[in-house]
Amino acid sequence: DGRDRMLADHVGVELRTDREGRIRSVTDSVEAVTGWAPGDLVGTFARDLLDEQDRDTCDATQQRILAGESGSQIVVRIRTADAGTRFVCATWHPVRDETTGEVTGSVVSWRDIDSATCLRLEMQVESQILRAALDAHLDPHGVVEAVRDETGRTVDLRCIEVNNAGCLALGLTREQVLASTVLELMPDLTGSALMAAFIKVVDDREPLVLNDGLSPIGPSDRRYDLRAVAVLDGLSITWRDVTKRYESASRLAASEAHYR
């Protein structure tokens, strides 16, 4: 209908699936991206359109949406009618029953990013060099991206990169960090001023500078300097334990006050 065509012009392709992942409707623009006619796809399983290597990831994303997650976005490869593949940015949102609120399926929007992704893959060697440089950084360093609700509001931050120092500071493996969001790693940040400050950096693109701040994790008496800058739809965050500096400065201030 007209609404579907308007959505397709904006996001590329939109599919609606039931709880089993079967395609119930798809916008006409799917043919321009994949070569498949919409009528060929309705009634088939959406996962069959995916490259085999991406199916498990998409299955896990679909299960999170069905369990109530408000939205998720990943890059996947889709199969085309000419036996090729294309990279798309896929965004999931739940579809709810208007009466009960129960999740009855999902709506998946595709944005064709094949050219940009192929270029990124060609730059993979450079990325590996940058990764090595990040790991050589002595301070903990991480990169996170926005997790948004159905209205587009940032509600959490998903970890997409972390260096070795960051893993040591968090007491987790890299795999554990990258499988988590900031609020999953640090539940105490829920509703906190620090989390609000992170989200403000994402929204306003202004850097965050905090000095001598209390630790959101680990021993509560530790003090940290923290820097966060906007990167794409997320943040690059670096922090440093400055507890010794803070304690020395506090002792000096106390001594000066005593002898005044």
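Residues: numbered from 1 along the sequence shown. From a predicted model like this one, the values you see are computed outputs, not experimental measurements.
Here OG of Ser109 is found 9.5 Å from CD of Gln73. Values are rounded to the nearest 0.5 Å. We find the SG-CH2 distance between Cys58 and Trp92 to be 3.5 Å, quoted to the nearest 0.5 Å. Put simply, CD on Glu31 and OG1 on Thr80 are 12.5 Å apart, with the number rounded to the nearest 0.5 Å.
Contacts of Thr154 classified as side-chain contact (heavy atoms from CB on, under 4.5 Å), with partners at least two apart in sequence or in another chain: Ala146, Arg148, Leu157, Ile199, Val202, Asp203. Listed by chain and residue number, Arg153 satisfy the salt bridge (Lys or Arg N to Asp or Glu O under 4.0 Å) test with Asp149 (two or more places apart in sequence, or in another chain). Applying the side-chain contact (heavy atoms from CB on, under 4.5 Å) test to Asp212 and every residue at least two apart in sequence or in another chain returns Asp225, Val242, Arg245, Tyr246. Applying the side-chain contact (heavy atoms from CB on, under 4.5 Å) test to Val107 and every residue at least two apart in sequence or in another chain returns Glu14, Arg16, His93, Val95. Residues satisfying the side-chain contact (heavy atoms from CB on, under 4.5 Å) criterion with Glu69, sequence neighbours excluded, are Arg64, Ile65, Ser72, Arg158.
No salt bridge links Asp241 with Arg223; every basic N to acidic carboxylate O contact stays at or beyond 4.0 Å.
Sorted pairs that involve residues 91-103 and meet salt bridge (Lys or Arg N to Asp or Glu O under 4.0 Å), not counting sequence neighbours, are lacking altogether.
Considering every non-hydrogen atom in both Ile78 and Leu50, the closest pair reads CG2-CD2, 4.1 Å. Of all non-hydrogen atoms in Val108 and Ala90, the two that sit nearest each other are CG1-CB, 4.2 Å.
Listed by chain and number, the hydrophobic cluster partners of Val147 are Val155, where partners are ILVMFWY side chains within reach of under 4.5 Å, directly or through others. Counting side-chain heavy-atom gaps under 4.5 Å among Ile, Leu, Val, Met, Phe, Trp and Tyr, Leu168 is found in no cluster with other residues. Grouping Ile, Leu, Val, Met, Phe, Trp and Tyr residues whose side-chain heavy atoms lie under 4.5 Å apart, directly or via other members, leaves Phe45 alone, with no other cluster members. Val209 belongs to no multi-residue hydrophobic cluster, having no ILVMFWY side-chain contact under 4.5 Å with any other such residue.
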Identify every side-chain donor-acceptor pair in residues 190-198 under 3.5 Å, counting partners at least two apart or on other chains, and give the distances.
| unit_1 | atom_1 | unit_2 | atom_2 | d |
| --- | --- | --- | --- | --- |
| Thr190 | OG1 | Pro187 | O | 2.9 |
| Ser192 | OG | Leu189 | O | 2.7 |
| Ser192 | OG | Met195 | N | 3.1 |

Donor-acceptor contacts, no H, no angles, side chain residues 34-43, under 3.5 Å, sequence neighbours left out:
| unit_1 | atom_1 | unit_2 | atom_2 | d |
| --- | --- | --- | --- | --- |
| Thr34 | OG1 | Val30 | O | 2.8 |
| Thr34 | OG1 | Trp36 | N | 3.0 |
| Trp36 | NE1 | Arg79 | O | 3.2 |

